[in-house]
Each structure stands twice: as structure tokens, then as C-alpha cells.
Visitor: 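Next up is a structure, given as C-alpha cells.
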Amino acid sequence: MAEMRIVLLGAPGSGKGTQAERLAGRLGVPAISTGEMLRAAVAGDTPLGQRVEQIMAVGDLVDDTTMTAVVEERLGKSDARRGFILDGYPRTIAQVQTLDELLAAAGQSLDAVVRIEVSETELVRRALARRRADDGEEVLKARLAVYREKTEPLIAHYGDRGLLREVDGSRSMEEVTDEILGVLAVRV
Ligand code: ADP
């Protein structure tokens, strides 16, 4: 299968994680979720987990330097050599730059950035149906605010670079996956 390096962008609750897993299965590259990696570190009570637990609990972003280490290590693993679906990274403009540098150092670049668009009303409806330790109402509001402030600017940035593809995330899980494969012009 062709190499494929994809970033998924979307608000908390947009379905990035679900789609990352589904796409990974279809495209034969790993789904890399920084949120999952950090939650695993917290669950395992590792030094990284201890450092990020409180930050995640209030819905803030883990600092860029810590995230660079996490992502650099993960992208260096052999299964990511032929591609990946990144879910939850980059989340700041500084992280965009770091990712570009890490890829460039390996002679690689992104193929596309897929934005999964979901209305605020639908995000709130989903949040109420979903239960996770960091999904309390106040924390969710904080995460949405952080997304708007820090991550939304990435949409225009990747748009300017011609990498952005937008899909309607309010449809069924299957339809969203098919739409993403469609905008990636992938036949599987
Ligand atoms: P969601 O997809 O619901 O927005 P994630 O599972 O991706 O949430 O991330 C959960 C938490 O992990 C974030 O709120 C943040 O604290 C931390 N995190 C994950 N990825 C990053 C990142 N790239 N930079 C900073 N913090 C991150």
C-alpha cells in the first residue's frame, strides 16, 4: 500500500479518535493518538503520566516540549515509517512546526490534513452522552475554549499550504470514514 501521512483535526468530540482507528485499519498505517498515549502514561503512573495528570484533568494542553518528546519517540518506531494517522497532534502552531521538522529530518512530509467538522450543538449533545474522567462539563468547556484559541488557527494554516481537506463529521461513522477516504482519493 502507498505511504500515507495524515493529520486529523477537529474539536473534542468530533470523532477524530474513532476515525483514526478506522482509517488505520483501511490504510494499513498506525493510528497515533497523543491523548491515548498520555492517558496510558497516567494510568501506568509513569514519570510522564505524573507530570501531565493535573494539566489534562483541567483541560489544558501539555507543554509543547513534552509533546515533542512523546511524538518524536512514537514516530521513530518502525511501524510509523510508512505512514500514520495522527490524532490529537499537532494542536498548536509550535507543534505544527515541530512536526514539519521531524518529518523533514526523515525526508518525509504530510500528505493531507483532514478537518472533521461538527457543529457546537452536536458536540455538546455527544459530550453529554459520553463519559470520560476529563469529560466533566467545566473541563469540556475548557477543552473547547483551548481548541478554539490554540488549535483552530491550524485550519487556516494548513489551508494556506493546500493540505486541508474538510469533511462533515455530523454523519454516521461509516459515512465519515468513506468521505475521508474520498477526499484522500484513496481506493481501498
Ligand atoms: P480530544 O480528542 O477529546 O480533544 P485527546 O484525547 O486528544 O482529547 O486529548 C486529551 C488531553 O490530552 C488534552 O485535553 C490535553 O490535555 C492532552 N493532549 C493530547 N494531545 C496533546 C497535544 N498535542 N498537545 C498538548 N496536549 C495534548
Side-chain angles (χ1 to χ4, degrees), residues 1-40 43 56 59 61 71 74 79-80 82-92 95-96 99 110-159 161-188:
M1 239 183 277
E3 298 196 3
M4 190 58 88
R5 294 180 183 84
I6 305 294
V7 165
L8 297 187
L9 267 187
S14 62
K16 290 190 305 289
T18 305
Q19 293 302 328
E21 290 296 338
R22 293 173 60 85
L23 292 167
R26 300 281 286 269
L27 299 171
V29 294
I32 297 179
S33 160
T34 48
E36 291 282 327
M37 292 168 73
L38 296 174
R39 278 189 290 280
M56 292 176 74
L61 291 186
V71 166
R74 183 63 189 86
D79 67 332
R82 299 191 58 252
F84 49 75
I85 313 290
L86 263 179
D87 156 29
Y89 191 96
R91 252 180 163 90
T92 64
Q95 292 180 10
V96 167
L99 179 61
L110 289 177
D111 292 293
V113 175
V114 177
R115 179 197 181 192
I116 304 177
E117 199 176 353
V118 175
S119 72
E120 192 92 24
T121 326
E122 174 68 7
L123 289 177
V124 171
R125 196 192 63 75
R126 289 182 186 183
L128 295 176
R130 156 169 138 165
R131 292 277 171 271
R132 207 171 71 195
D134 60 355
D135 262 355
E137 200 180 324
E138 288 310 307
V139 175
L140 182 84
K141 275 191 196 151
R143 285 163 64 218
L144 268 173
V146 168
Y147 173 78
R148 301 264 179 261
E149 187 197 344
K150 302 272 173 56
T151 309
E152 234 169 34
L154 275 56
I155 295 169
H157 174 92
Y158 282 126
R161 290 169 58 180
L163 284 171
L164 193 70
R165 311 283 180 270
E166 305 205 66
V167 301
D168 175 5
S170 66
R171 300 163 73 195
S172 76
M173 213 162 69
E174 291 79 10
E175 286 172 318
V176 176
T177 307
D178 287 344
E179 197 182 338
I180 295 174
L181 291 170
V183 298
L184 295 176
V186 171
R187 252 170 280 230
V188 286

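Along the sequence shown, residues carry numbers from 1.
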Visitor: Do Glu137 and Lys141 have side chains that get closer than 4.5 Å, going by heavy atoms?
Guide: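 Glu137 reaches Lys141 side chain to side chain.
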
Visitor: My understanding is that only one of Val113, Asp87, Val114 makes a side-chain contact (heavy atoms from CB on, under 4.5 Å) with Leu9; could you say which?
Guide: Val113

Visitor: Can you pull the salt bridge (Lys or Arg N to Asp or Glu O under 4.0 Å) pairs that have at least one residue in residues 119-129, sequence neighbours excluded?
Guide: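 Residue pairs with at least one partner in residues 119-129: Glu120-Arg148, Glu122-Arg125, Glu122-Arg126.
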
Visitor: Please examine the side chains of Leu99 and Leu86, heavy atoms only from C-beta on, and report whether any two atoms are closer than 4.5 Å.
Guide: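 Of all side-chain heavy-atom pairs linking Leu99 with Leu86, at least one is under 4.5 Å.
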
Visitor: For Arg5, does its backbone N or O pair with a side-chain atom of Asp111 as donor and acceptor, under 3.5 Å?
Guide: yes

Visitor: For the CD1 atom of Ile116 and the CZ atom of Arg171, what is their distance to the nearest 0.5 Å?
Guide: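 Between atom CD1 of Ile116 and atom CZ of Arg171 there are 12.5 Å.
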
Visitor: Check whether any side-chain N or O of Glu149 sits under 3.5 Å from a backbone N or O of Ala145 as a donor-acceptor pair, and report yes or no.
Guide: no

Visitor: For residues Leu23 and Leu8, determine if any side-chain heavy atom of one lies less than 4.5 Å from a side-chain heavy atom of the other.
Guide: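 They are in side-chain contact.
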
Visitor: Distance from His157 atom NE2 to Arg161 atom CZ, nearest 0.5 Å?
Guide: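 Answer for the NE2-CZ pair, His157 versus Arg161, is 4.0 Å.
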
Visitor: If I take atom CZ from residue Arg143 and atom CG from residue Leu61, how far apart are they, to the nearest 0.5 angstrom?
Guide: 10.5 Å

Visitor: Quick one, Leu110 and Phe84 - any side-chain contact, counting heavy atoms below 4.5 Å?
Guide: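 Yes, their side chains come closer than 4.5 Å.
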
Visitor: Compare all side-chain heavy atoms of Val167 with those of Val183 and state whether any distance is below 4.5 angstrom.
Guide: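 Result yes, sub-4.5 Å side-chain heavy-atom pair found.
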
Visitor: Which pair of non-hydrogen atoms, one from Leu184 and one from Ala112, has the smallest distance, and what is that distance?
Guide: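 Result for this residue pair: CD2-CB, 3.6 Å.
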
Visitor: Within the distance-only criterion (no hydrogens, no angle test), does the side chain of Thr151 pair as donor or acceptor with the backbone N or O of Arg91 below 3.5 angstrom?
Guide: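 Yes; at least one donor-acceptor contact below 3.5 Å.
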
Visitor: Under 4.5 Å between any side-chain heavy atoms of Val7 and Val96, yes or no?
Guide: no

Visitor: List the residues meeting side chain to side chain donor-acceptor pair (under 3.5 Å) with Asp79, not counting sequence neighbours, and say none if there are none.
Guide: Arg74

Visitor: Between CZ of Arg115 and CG of Asp168, what distance do you get to the nearest 0.5 Å?
Guide: 10.5 Å

Visitor: Tell me the closest heavy-atom pair linking Ala31 and Ala24, and the distance in Å.
Guide: N-CB, 3.6 Å

Visitor: Show the nearest heavy-atom pair for residues Ile32 and Met37, with the distance to one decimal.
Guide: CG2-SD, 4.0 Å

Visitor: Please name the pair of heavy atoms, one in Gly83 and one in Pro30, separated by the smallest distance, quoted to 0.1 Å.
Guide: O-CD, 3.3 Å

Visitor: Of all heavy-atom pairs between Leu154 and Pro90, which one has the smallest distance, and what is that distance?
Guide: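 Closest pair (atom of Leu154, atom of Pro90, distance): CD2-O, 3.3 Å.
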
Visitor: Rounded to the nearest 0.5 Å, how far apart are CD1 of Ile85 and OG of Ser33?
Guide: 12.5 Å

Visitor: Which pairs of donor and acceptor atoms, one on a side chain in residues 10-19, lie under 3.5 Å apart (sequence neighbours left out)?
Guide:
from  : atom 1 : to     : atom 2 : distance (Å)
Ser14 : OG     : Ala11  : O      : 2.8
Lys16 : NZ     : Gly10  : O      : 2.9
Gln19 : OE1    : Thr177 : N      : 3.3
Gln19 : OE1    : Thr177 : OG1    : 2.6
Gln19 : NE2    : Met173 : O      : 3.1

Visitor: Hey, does Glu117 have a side-chain heavy atom less than 4.5 Å from the side chain of Ile155?
Guide: no

Visitor: Can you tell me how far CZ of Arg26 sits from CE of Met4, rounded to the nearest 0.5 angstrom?
Guide: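 If we round to the nearest 0.5 Å, Met4:CE and Arg26:CZ are 12.0 Å apart.
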
